[in-house]
There are 2 protein chains.
Amino acid sequence: MAGVTIRDVAKAAGVSTATVSYVLNNSRQVSEATRRRVIEAAQRLGYRANITARNLQASETRLLGYTWRPTPPDQFNPILDQFLNAIAQAAARHEYHILTFPTTSIEEENAIYREMVLTGQVDGFVLSNTNLDDPRVRTLLDIGFPFVAFGRSNPEWDFPWVDVDGTYGVLVATHHLLERGHRRIGCLAWPEASLTGQYRLEGYREAMTDAGLTVAPEWVRRTETAYEDAYRAACGLLSLPASRRPSAIVALSDLMAIGAMNAAADLGIEVGRELAIVGFDDAPVARFLRPPLSSLAQPISEVGERLATMLIDLVNGRRPAQAQVLLKPSLVVRASSAFRYTD
Amino acid sequence: MAGVTIRDVAKAAGVSTATVSYVLNNSRQVSEATRRRVIEAAQRLGYRANITARNLQASETRLLGYTWRPTPPDQFNPILDQFLNAIAQAAARHEYHILTFPTTSIEEENAIYREMVLTGQVDGFVLSNTNLDDPRVRTLLDIGFPFVAFGRSNPEWDFPWVDVDGTYGVLVATHHLLERGHRRIGCLAWPEASLTGQYRLEGYREAMTDAGLTVAPEWVRRTETAYEDAYRAACGLLSLPASRRPSAIVALSDLMAIGAMNAAADLGIEVGRELAIVGFDDAPVARFLRPPLSSLAQPISEVGERLATMLIDLVNGRRPAQAQVLLKPSLVVRASSAFRYTD
DNA sequence: CACCATGACTTAAACGTTTAAACGAACTAT
DNA sequence: ATAGTTCGTTTAAACGTTTAAGTCATGGTG
């Protein structure tokens, strides 16, 4: 397409292609006169180095792969936009770009990884939504290919990751509820298999223990992340006899929190007066709900930025300054939980 | 990284690299015996052709660029996930991948386009959120680089696009409201400069005219897309004297619809009984609102798929079968507008 | 004056493919 | 028997860079 090559510039400036390269990359001393001639010629012809050729010669691609599994239509992904944006911006600063490819299953993802590594399509990967013993992490560790992960996996595995401290977040949220006078606090949690779910739930338990409260088993409802499941689970919580029915619910995601809000409404319980709810993620829509939903905001942009720079370090054979980073989410208190509760 | 090249395979099979290439690409007759030897060797060594080298030689990248402007934190992008997914899946079927890069302004986007074209980083572009006289469309038309757009621009410009028929969508939505007994219908519209806004508004006007109703100027409120603006505009609509106050509102986006829902709630007007509201986009959250919000669902996956295949056709010098495609959105009726209204 | 170092540039190989052109052997048709 | 085809394969150029190694003045040093 572009068509103007380094040879054209060399000819126009009356020098060899090597000299042109040296001038343009500042990689060797060149006399001022020649330098000017080359630059002038390059500019006049509108020369821009062909990236593919450069990459071939450097045997790199300056591409970072990011896979994500598309969100089912009945759920939402509150962070894709921001996350993709953050990693792409950070990568661009180092002249890297993001290659995105959605996949449908972990197995497919794994296969695609191998393929991309073998064909040299990317220099590294960004994983997200990692889980305990994540096979993708295992694969990449085994073949020794550069990658970073948003999320932890097996604590025994040494690999670079950034994660948001779910334990801390839920601990803070639960403290907040305790501080507003709640004593019976329920939790909409995920199945045991979810590592992220484990961390978050731990925060809830810790806070309750700190406050000298015992967690009734019936207060912790494990459920899939889908809206309907959360709705049903919340109905269960709210149908407990008055003395054991929670006056506050911590939901491990905003979608689940919405399920809880609607369950409460359908049972005639007023959220923001009789019942407090806190979510996790601070989805954009949280502010617009009625009442506005308190939630834990994840520092997604920082996660993305750190991951990108870590990965670029790795790709270039440098050890990243910090290979494991745990960032704190921040609680955004809104009307769904701002009120003071008294029994 | 991968390390095993076509030369290694050639040596292992005792043939020239050309033969290996011919076998592996099926591009020339090769004797069965040699074919088997080559395939066996390739397999044994785990050979996969290096993509960069192949691309250089073919002077292509098999990469399609997609830029989007990140959504401001107080808004949401209900379609990025699905759209990216659709184009990436469709592209993958033809062994193309998507290079994403977020930008902050149209000007920056334009500059990046030029740069990417000149450096040969992508074979084509997917634009979205095009507007009247969109400078990006102009640039790409001028330099003659392959691209497709989600959205129309200047009707005089001949370029390939796919769009969702906003006029039709809002027409259907308005008909639906008329059919439920509404006579005073308001519209939360966008500033005149928005082409998409123009099309959608037209649907509203047409439906009203069809029904023999005149649109009171005060019923059409032009506003920015932000929540607060829509909220205020809706307050304006709902504060009209009873005889002129709309009993139904068509909002040109779900975010604006939410603004209207909350405005109504704050004014003590019950949505779903006294006031009907319809949005546009069918954001995932629409189902979970109270009442659930009626909305126009865009066939995003189809848009993405069509765009990707059109672009790949273009990149390969084929004219796409259909260069301009207008798809119909479908109205999803939920409780916010399902009731029958009587004055 | 011989020698070496330095500076400014060029030559040519390399990165890993694909593919046009050349080549030789085995057939086929005259 | 000879020329022309066909088949299967190899040779080598090409894609557009970067860069190690080489060349050749020039100038400084002992």
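Just so we're on the same page: letters track the sequence lines, and every chain starts at 1.
- Under the 4.5 Å side-chain criterion, counting only non-hydrogen atoms from C-beta, B:F150 is in contact with B:I79.
- Distances were taken from every side-chain heavy atom of B:A18 (C-beta onward) to each of C:dT17, D:dT19, D:dA12; the shortest belongs to D:dA12.
- Nearest nucleotide to the side chain of B:T19, out of D:dT9, C:dA20, C:dT18: D:dT9.
- Here the nucleotide nearest the side chain of A:Q57, chosen from C:dT17, D:dT10, D:dT19, is D:dT19.
- The side chain of A:R7 sits closest to D:dG16 out of C:dT11, D:dG16, D:dT9.
- Under the 30°/60° scheme for interplanar angles, the aromatic rings of A:F145 and A:F125 are found to be tilted.
- Under the 3.5 Å distance criterion, with hydrogens and angles disregarded, no donor-acceptor pair is assigned to the side chains of B:R69 and B:N77.
- Close to C:dT17, at under 4.0 Å from its OP1 or OP2, lies a side-chain N or O of B:Y47.
- Comparing D:dG16, C:dT18, D:dT9 by their closest approach to the side chain of A:T5 singles out D:dG16.
- The side chain of B:R54 lies closest to C:dT17 when the candidates are C:dT17, C:dA20, C:dC9.
- Partner of B:Y113 under the side-chain hydrogen bond (donor to acceptor under 3.5 Å, both in side chains) criterion, chosen from B:T103, B:T139, B:T67: B:T67.
- Between the C1' atom of C:dT17 and the CZ atom of B:R48 lies a distance of 14 Å, rounded to the nearest Å.
- The phosphate of C:dT18 has OP1 or OP2 within less than 4.0 Å of a side-chain N or O from B:N25.
- Dashed line: the shortest gap from a side-chain N or O of B:T34 to OP1 or OP2 of D:dG8 is not under 4.0 Å.
- For B:S31 and D:dT9, the shortest distance from a side-chain N or O to OP1 or OP2 is below 4.0 Å.
- A:Y96 pairs in a side chain to side chain contact (heavy atoms under 4.5 Å, CB included) with only one of the listed residues (A:T61, A:L311, A:I312), which is A:I312.
- Summarising the geometry, the separation between CG on B:L118 and P on D:dT17 is reported as 11 Å, rounded to the nearest angstrom.
- Not one side-chain nitrogen or oxygen of B:T17 sits closer than 4.0 Å to the OP1 or OP2 atom of C:dT18.
- Checking the phosphate oxygens (OP1, OP2) of C:dA8, a side-chain nitrogen or oxygen of A:Q29 falls inside 4.0 Å.
- B:E60 has its CD atom 15 Å from the P atom of C:dT17, to the nearest Å.
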